[in-house]
Amino acid sequence: MLVQDGLPAPERTRALLVVIVGIVMSVLDGTIVNLALPDITRELHATAAQSIWVINAYQIATLALLLPLATLGDIIGYRRVYLVGMLVFTLASVACTLSDSLASLAMARVLQGVGAAGIMSVNAALVRLIYPRQLLGRGVAINSMMVATASVAGPSIAAAILSVASWPSLFAINIPIGLFCLILGRTALPKNAIKATGARISLLDVALNALMFGLIILGVDGLGVRIEGSGGAAKSVASFWLPAAELAAGIAVGVFYIRRQRLQPLPLFPVDLLRIPVFALSMGTSVGAFSAQMLAYVSLPFLLLGAYGRSHLEAGLLLTAWPLGIVVMAPIVGRLIGRYSGGLLGGVGLGLLSLGLMLLALLPAQPANADIVWRMALCGLGFGMFQSPNNHIILTPAPVHRSGGASGMLGTARLTGQTLGAVLLAIIFALFDPNNGHGPAVALWAAAAFAAAAGMCSALRIKHVQRAG
């Protein structure tokens, strides 16, 4: 059945359940393994440096294929891409669970990243099909809340699972969830009302897209590791040549690739959508906001455990104030979308996030738990106020047949921002001790600056939205 303006309420609930469960699972798997790396390293007889590929393999595969699979969704249907992605993700989870070497686990993680790209690439596009236009803001708010919560909940969920089971359980839990999504999704997910016609995907463009993102991630990550390993002192130039060459090659491939995309009727890298000013500004807003989130949320445990002497349990409980703030704000801002400018809501939210981060950086040497909690909650409220309106703005300017391209860019901006934040944090911790509070404080100030810059970028969208209206 073709869907013109959303699904009826009962069908909408079933479809949204499939979409939300899938996106939460795929987002969680980007971070849930971090806590298990020491166990994986020991049991699979690998080095710590080698074990990082359990994370990198998933991240690179996901980011490299997000945009091609999003465009494929525009052509053949978002439902098909989602279900095939879920099937691949579930089978890869079986392979991860049964892996007996680091090489087999890394290869299974590549396959899992391919499946995650299929799920993430069309996630927002499916939400646009599921909800009628007048209720789209609420659907985006619910989806955004779950993505934001999953982005920061990985370590807590991993700790709970690892307290009663071994590391393969982190992957095994995906199998019944994936089967549930596949069975329900076959009947619950809507088909595209309008598909892109007369377009095809070039394998050369797919390869260029993967090379661009892969080389840039490897180069930036490699430079960050080199700086972190130097203890702040400059090493020989030779130690930097390989990641620097990877980064330069990634940029060169990107320049050629994007120039080529400008000539395509249905570009994989959506240069057609980036010509829409409000869409381009929204991309900048997303990258800045998620860089701030990553800088803060990874540095905060060092602050709580090292400088403030909190236990792991206490730190975990204090950190939950952030996602709780997002959960509280999501339904509120969902009702404000459409009544107030998304650029204004995003700008105010990112201003609150920046303020909360500065207040965390200015905490006294021995703060009370209540002082930490309300600042964390302020950050969560601000981030929750930004994300839903921002995602709504990203989706709505795109033509219906380009919802996949917009959805893919939404995920790409999030992963790009998180990658940038992680690399900057490695550099900060190389220059400032992360265990005495100095490193985390610098990271929080940097995060506040990113959030403020993203807020200004969001505010610039107000006039463009008004003109469009």
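Bear in mind the structure is a predicted one, so any value in this text is a computation, not a measurement.
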Checking the side chain of S99 only, and the main-chain atoms of A95 only, is there a donor and an acceptor separated by less than 3.5 Å?
yes
Would you give the length of the straight line joining atom CE of M376 to atom CG of L324, rounded to the nearest 0.5 angstrom?
11.5 Å
Pairs in or reaching into residues 410-426: which pass side-chain hydrogen bond (donor to acceptor under 3.5 Å, both in side chains), with residues at least two apart or in two chains?
Q59-T419
Min side-chain heavy-atom separation M145-M329 under 4.5 Å:
no
What is the distance from atom CG of L28 to atom CE of M146, rounded to the nearest 0.5 Å?
9.0 Å
Rounded to the nearest 0.5 Å, what separates atom CG in L378 from atom CZ in F383?
14.0 Å
Main-chain N/O of A454 paired with S458 side-chain donor or acceptor, under 3.5 Å
no
Separation between CD1 (I130) and CG (L136), nearest 0.5 Å, reads 10.5 Å
Chi angles and distances behind the side-chain contact (heavy atoms from CB on, under 4.5 Å) call for L189, Y82:
CA-CA 9 Å; L189 293 177; Y82 181 94; 3.5 Å; yes
Taking the side chain as everything from C-beta on, heavy atoms only, tell me whether P267 gets closer than 4.5 Å to Y257.
no
Sequence neighbours excluded, the answer for side chain to side chain donor-acceptor pair (under 3.5 Å) partners of N174 is D29, S93
I'd like to know if the side chain of R109 reaches the main chain of A57, judged simply by a donor and an acceptor atom lying under 3.5 Å from each other, with no hydrogens or angles considered.
no
Check: N209 and D205 side chains under 4.5 Å, non-hydrogen atoms
no
Nearest heavy-atom pair of A15 and L7: which atoms, and what distance?
CB-CD1, 3.8 Å
Would you check, one step at a time, whether the test side-chain contact (heavy atoms from CB on, under 4.5 Å) holds for Y78 with V19?
CA-CA 11 Å; Y78 311 130; V19 169; over 6 Å; no
Which atom names give the shortest non-hydrogen contact between G178 and T90, and what distance separates them?
CA-OG1, 3.4 Å
Within 45 degrees of the axis of the six-membered ring of Y131 and under 6.0 Å from its centre: does R12 put its NZ or CZ there?
yes
More than 12 foreign heavy atoms under 6.0 Å from CE of M107: is that the case here?
no
Sequence neighbours excluded, the answer for side chain to side chain donor-acceptor pair (under 3.5 Å) partners of S169 is none
Start with the C-alpha distance between M385 and L353, add both sets of side-chain angles, then the distance that settles side-chain contact (heavy atoms from CB on, under 4.5 Å), and finish with yes or no.
CA-CA 9 Å; M385 191 173 185; L353 174 62; over 6 Å; no
Listed by chain and number, what are the ring-ring contact (aromatic ring centres under 6.0 Å, His included) partners of Y297, not counting sequence neighbours?
W322
Contact between I60 and W53 at the side-chain level, heavy atoms closer than 4.5 Å - yes or no?
yes
I'd like to know whether the aromatic ring centres of F302 and F429 sit less than 6.0 Å apart in this structure.
yes
Is there a side-chain hydrogen bond (donor to acceptor under 3.5 Å, both in side chains) between R14 and T187? Walk through the geometry before answering.
CA-CA 9 Å; R14 293 171 65 236; T187 56; 3.2 Å; yes
Hey, does the side chain of S407 reach the backbone of A124 with a donor-acceptor pair shorter than 3.5 angstrom?
yes
Out of L65, L67, L66, which residue meets the side-chain contact (heavy atoms from CB on, under 4.5 Å) rule with F213?
L67
From CA spacing to verdict: side-chain contact (heavy atoms from CB on, under 4.5 Å), L170, T97
CA-CA 8 Å; L170 297 175; T97 304; over 6 Å; no
If every non-hydrogen atom of L83 is compared with every non-hydrogen atom of L182, which pair is closest and at what distance?
O-CD2, 3.4 Å
Walk me through whether S286 and N390 qualify under side-chain hydrogen bond (donor to acceptor under 3.5 Å, both in side chains).
CA-CA 8 Å; S286 282; N390 189 69; 2.6 Å; yes
Compare every heavy atom of G185 with every heavy atom of R79, then report the nearest pair and how far apart it is.
NE-O, 4.0 Å
Please give me the minimum heavy-atom distance between L425 and L295, naming the atom from each residue.
N-CD2, 3.8 Å
Decide yes or no for M409 and L274: does some side-chain heavy atom of the first lie under 4.5 Å from some side-chain heavy atom of the second?
yes
Atom CG of residue position L304 - does it have more than 12 heavy atoms of other residues, nucleotides or ligands inside 6.0 Å?
yes
Interatomic distance, CZ@R335 vs OG@S388, rounded to 0.5 Å, equals 12.5 Å
Given the options V81, L410, L72, S121 meets side-chain contact (heavy atoms from CB on, under 4.5 Å) only with V81
Any side-chain heavy-atom pair of F450 and Q293 under 4.5 Å:
no
Between Q261 (side chain only) and L268 (backbone N and O only), is there a donor and an acceptor less than 3.5 Å apart?
yes
So do the side chains of L69 and V122 get within less than 4.5 Å of each other, counting heavy atoms only?
no
Please name all residues satisfying side chain to side chain donor-acceptor pair (under 3.5 Å) with S282, sequence neighbours left out, ordered by chain then number.
R461
Could you tell me which residues satisfy salt bridge (charged side-chain N to carboxylate O under 4.0 Å, His left out) with R42, sequence neighbours excluded, listed by chain and number?
D39
Closest heavy-atom pair and its distance - L357, C379
N-SG, 3.6 Å
Test item: L415 and T62 side chains (from C-beta on) under 4.5 Å apart, heavy atoms:
yes
Intermediate values then yes/no, side-chain hydrogen bond (donor to acceptor under 3.5 Å, both in side chains), N391 and N143:
CA-CA 10 Å; N391 291 355; N143 192 64; over 6 Å; no
To the nearest 0.5 Å, how far apart are CD1 in I161 and CD1 in I32?
4.5 Å
